Amino acid sequence: MPAEFILKGQVLSFSDTPFSEAGADAAQHYEAVAVGDGKILNVGNLSDLKAAHPGAELRDLGDKLICAGFVDAHVHYPQTAMIASWGKRLIDWLNSYTFPEEMKFADPAYAREIADRYLDLTAANGTTTICSYCTIHSESVEAFFSAAQARGQRVIAGKTCMDRNAPEGLRDTAQSAFDDSKRLLQTWHGVDRIEYAITPRFSPTSTPEQMEAMGALWAEHPDVLMQTHLSEQTDEIEWVLSLYPDARDYLDTYEKFGLLRERGLYGHAIHLTDREKDKLREHDASLIHCPTSNTFIGSGLFDMSGLMADGHRIGLATDTGGGSSFSMLRTMAAAYEIGQLRGTPLHPSQLIWLATQGSANALRMADKIGNIAPGMEADLVVLDLASTPAIAQRSERAEDLWEALFPTIMMGDDRAIAETWIGGRKV
Ligand code: GUN
Ligand code: ZN
């Protein structure tokens, strides 16, 4: 296969996880990467790649860092326009800001406008794969998938199901949630780069009947992902236990309806009991850390180091618009800060791994995206490690790649994103 492009820079690739004993040695860097037909063909020395692919167009990116595109493992694209809404905690924030905005997605034109706006904003921030909640409206799912399909982008999303504790106009039923989700799944799952995720919002907004229907749908389609929220705030947990008096804990409200297993994505997962941690690990379920959301809504400090050490599968996410940023750089910075507040700072290699391979692994897509290696899909981000005067004067002093990268993680924004490549094309 001849390459169409050779990108020269500092190419970052992982052969292991930096949370293992390998630490930062889990990462290698190469001089160049060859891309063709939407895939990564080779990594290595520029001269070798030029010899192997004489017809390829060379893009010399100087000393910019070329990484796998960022993978955002938990977002609500319909919350794009109300991101950064002030002063509430989770349940009040949902009722005051989120639900009124989500009502608007009954209108397919509005849904498509926001889907396109969201995908523009995230591409500008170097994010190439997104796992999103939609709203209860099928139109919101159609709009998101159509917008992503037009861009050749790998996305996962699903109709958000809610049949209680949400306003009139934002509730479905157990049966309609099952039927609509199934129809959307059958229409879209596996089409181009699109995957469907079964999406019960969280236990408080589903009746036991709806939870059962979601469990039945997942049992019919065990190959798809299921996404929901778990143990984000302490008052939320109390509410869940009052709504499900027989449940042993929050996780049990999913477990008892067949909504706990591998391919399950559990957003936040902050205030977990030992039983919940054991069960999540036993099932190899994915925990999704949403650090800017956890500080913004005041939810708590996720135990990244402890959960990683215990062998959990963990991804990283913005949780737009409970999260306060579209940027995975800002999200890595917040994960670092939460680690510091817990006394366990994360190394830059761990932060960048979480935003790429970690999230891909949580989404069960690590064989396709999240790393730069032959055969992987060519979703890339090119980082300028001197994108502002403040960052430039700091990275200038760096003695190794990690020191050069860390100021961009902590202080960088969309100005640090020199290029974003989706499916082998610069966007
Ligand atoms: N829990 C249930 N729904 C949501 C949501 O939209 N955002 C956040 N952060 N938590 C939730
Ligand atoms: Zn969420």
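These numbers come from the heavy atoms of this one structure, side chains and all, not from hydrogens, waters or symmetry mates. Throughout, numbering of the chain's residues begins at 1 and tracks the sequence. Whatever order the structure lists ligands and atoms in, that order sets their numbers, starting from 1. Remember, predicted model here, so these are calculated numbers, not experimental data.
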Undergrad: Angle class for the His76/Tyr133 ring planes (parallel below 30°, perpendicular above 60°, tilted otherwise)?
TA: parallel
Undergrad: Please name the residue in the list Arg261, Arg263, Arg313 that meets the side chain to side chain donor-acceptor pair (under 3.5 Å) test with Asp284.
TA: Arg313
Undergrad: Would you compute the distance between atom CZ of Arg89 and atom OG1 of Thr234 and round it to the nearest 0.5 angstrom?
TA: 6.0 Å
Undergrad: Test your reading of the structure: does Trp93 have an N or O sitting under 3.5 Å from an N or O of ligand 1?
TA: no
Undergrad: Does the side chain of Thr273 come under 3.5 Å of the side chain of Arg248 through a donor N or O and an acceptor N or O?
TA: no
Undergrad: How wide is the angle at the Zn ion (ligand 2) between NE2 of His74 and OD1 of Asp319, to the nearest 10°?
TA: 90°
Undergrad: For residues Gln79 and Thr320, is any side-chain donor paired with an opposing acceptor at under 3.5 Å?
TA: no
Undergrad: Looking only at protein heavy atoms, identify the closest one to atom 3 (N) of ligand 1 and say how far it is in Å.
TA: Arg201 NE, 2.8 Å
Undergrad: Once rounded to 10 degrees, what value does the angle at the Zn ion (ligand 2) take between NE2 (His76) and NE2 (His229)?
TA: 100°
Undergrad: Check each atom of ligand 1 against the heavy atoms of Leu90 and keep those under 4.0 Å away; list them by number with element.
TA: 8 (C), 10 (N), 11 (C)
Undergrad: Any N or O of Gln79 that comes nearer than 3.5 Å to an N or O of ligand 1?
TA: yes
Undergrad: Would you please classify the geometry between the Tyr77 ring and the Tyr118 ring as parallel, tilted or perpendicular, with 30° and 60° separating the classes?
TA: tilted
Undergrad: For the Zn ion (ligand 2), decide whether His268 has an N, O or S atom at a distance under 2.8 Å.
TA: no
Undergrad: Can you sort out which atoms of ligand 1 are near Ile297, meaning under 4.0 Å from one of its heavy atoms?
TA: 9 (N)
Undergrad: Counting heavy atoms only, which of Glu232, His74, Gln233 is nearest atom 8 (C) of ligand 1?
TA: Glu232
Undergrad: Can you tell me how far the CD atom of Glu276 sits from the CG atom of Leu260, to the nearest 0.5 Å?
TA: 10.0 Å
Undergrad: Which atoms of ligand 1 have any heavy atom of Phe202 under 4.0 Å away?
TA: 1 (N), 2 (C)
Undergrad: Going by atom types only, do Ser15 and Gln28 share a side-chain donor-acceptor pair under 3.5 Å?
TA: yes
Undergrad: Taking distance alone, with no angle check, do Asp319 and ligand 1 share an N/O pair under 3.5 Å?
TA: yes
